[in-house]
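Accompanying notes for the structure given below.
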Amino acid sequence: MYACRRVFPTKTPPTACQRRSGSERSVYNKELGEALRRAERLHPRVSLWAMDEHRLGLQPILRTAWAPTGQPFICPVHPRYEWLYVYAFVNPETGESRFWIMPTLNQQAYGLVMAAFAQSVGAGQDHHVVVVEDNGGFHVPALQGHPPGIEIVRLPPYSPELQPVERVWHLTDATIANTCPQNLAALETVLGEQCAWLETQPDLITQHTLFHWWPLCQN
């Protein structure tokens with residue numbers, strides 16, 4: 001076990017997503033809005049969700065914290081290369097959210113989670129669900145396709161700033177930052193409790209994920 005003092009990172013050069021032009025974003029915003037309006041013309045009930053994955057493990061997550069005057073901020077860390085993956089779905093307009101914690105990130109796990117999500121929100125003939133996701137190579141449906149009632153809209157390449165779920169990871173990590181889980185089971189317990197709590201906090205989810213340009217449902 002080692003002691004680690006909080007180190008504040010220096011500024012880094014803008015990334016590709018930070019340099020993305022406003023015109024590129026506008027094109028995507030228009031395409032997403034058109035997909036939602038098209039779905040509303042064809043289905044009696046439509047909802048718009050966003051989905052992403054987040055890797056968490058036994059590597060320490062360090063955040064700024066208060067410390068007594070004159071004393072350095074110290075927290076225990078024990079880095080290990082073991083991981084869990086959080087699959088998150090959010091509806092920015094209503095604040096609804098769904099979380100799954102999985103041991104892997106691959107096509108099979110993606111298919112299982114998508115099927116569980118479709119069932120949890122009642123996707124089908126009477127409820128058409130549009131899901132925004134990135135272009136991850138594992139975002140491939142099973143041979144029979146996505147579950148009935150699920151429609152996928154892809155983000156442009158290298159555009160995490162357009163993904164509402166990116167704003168949620170700060171919340172999922174809140175209870176494990178500056179801590180040292182004993183093992184993956186302990187991490188999963190704490191993370192599961194935090195995700196379950198977030199599912200009961202629609203206002204908090206909306207505050208973090210409802211971008212000013214996000215299209216709203218009309219039915």
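We find the CG-CD distance between Leu155 and Glu31 to be 11.0 Å, quoted to the nearest 0.5 Å. Atom OG of Ser159 sits about 12.0 Å away from atom CZ of Arg154, to the nearest 0.5 Å. Taken to the nearest 0.5 Å, the CD atom of Gln182 stands 8.0 Å off from the CZ atom of Arg80.
Note on Leu42 and Leu36: separate hydrophobic clusters, where clusters join Ile, Leu, Val, Met, Phe, Trp and Tyr whose side-chain heavy atoms are under 4.5 Å apart, directly or indirectly.
Panel note: side chain Thr94, backbone Glu96; a donor-acceptor pair is recorded below 3.5 Å. Between the side chain of Asp52 and the main chain of Ala88, no donor-acceptor pair closer than 3.5 Å is present. Side chain of Glu40 to backbone of Gln218: a donor-acceptor contact under 3.5 angstrom is found. Distance alone, capped at 3.5 Å, is enough to place a donor-acceptor pair between the His139 side chain and the Asp134 backbone.
The two atoms that bring Cys217 and Arg37 nearest to each other are CA-NH2, 3.9 Å, heavy atoms only. The shortest non-hydrogen separation linking Val77 to Pro60 is CG1-CB, 3.4 Å. Minimum heavy-atom separation, Gln107 to Pro141: NE2-O, 3.5 Å. In terms of heavy-atom proximity, Gly122 sits nearest to His127 at O-CB, 3.3 Å. Heavy-atom minimum distance, Asn91 versus Ser47: ND2-CB, 4.0 Å. Glu151 approaches Ala35 most closely through the heavy-atom pair OE2-CB, 4.5 Å.
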- Yes or no on side chain to side chain contact (heavy atoms under 4.5 Å, CB included) for His54 and Thr172, after CA distance, side-chain angles and deciding distance? CA-CA 9 Å; His54 181 45; Thr172 59; 3.9 Å; yes
- Message: Is there a side chain to side chain contact (heavy atoms under 4.5 Å, CB included) between Asn178 and Leu62? Walk through the geometry before answering.
- Response: CA-CA 5 Å; Asn178 299 333; Leu62 302 181; 4.0 Å; yes
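Counting only heavy atoms from C-beta outward, the side chains of Tyr28 and Val132 approach each other to under 4.5 Å. Inter-residue side-chain proximity for Trp214 and Thr209 is flagged as unmet; no heavy-atom pair is nearer than 4.5 Å.
The neighbour count for Glu34 CD, taken as heavy atoms of other residues, nucleotides or ligands under 6.0 Å away, is above 12. With a 6.0 Å radius and a threshold of 12 heavy atoms from other residues, nucleotides or ligands, Gln59 has its CD atom above the threshold.
Clustering of Ile, Leu, Val, Met, Phe, Trp and Tyr by side-chain heavy atoms under 4.5 Å joins Leu105 with Trp49, Met51, Tyr81, Trp83, Tyr85, Tyr87, Phe89, Trp100, Met102, Tyr110, Val113, Met114, Phe117, Val121, Val129, Val131, Phe138, Ile150, Ile152. Its side chain within the 4.5 Å cluster rule, Leu58 clusters with Leu56, Ile61, Leu84, Val86, Val90, Phe99, Ile101, Val165, Val168, Trp169, Leu171, Ile176, Leu184, Leu187, Val190, Leu191, Trp197, Leu198, Leu204, Ile205 among the Ile, Leu, Val, Met, Phe, Trp and Tyr residues.
Under the side-chain hydrogen bond (donor to acceptor under 3.5 Å, both in side chains) criterion, His43 pairs with His128, not counting sequence neighbours.
In this structure, Phe211 and Trp213 have tilted ring planes: the angle between them lies in the 30° to 60° band.
For the residue pair Gln201/His208, the side-chain donor-acceptor check at 3.5 Å is not satisfied.
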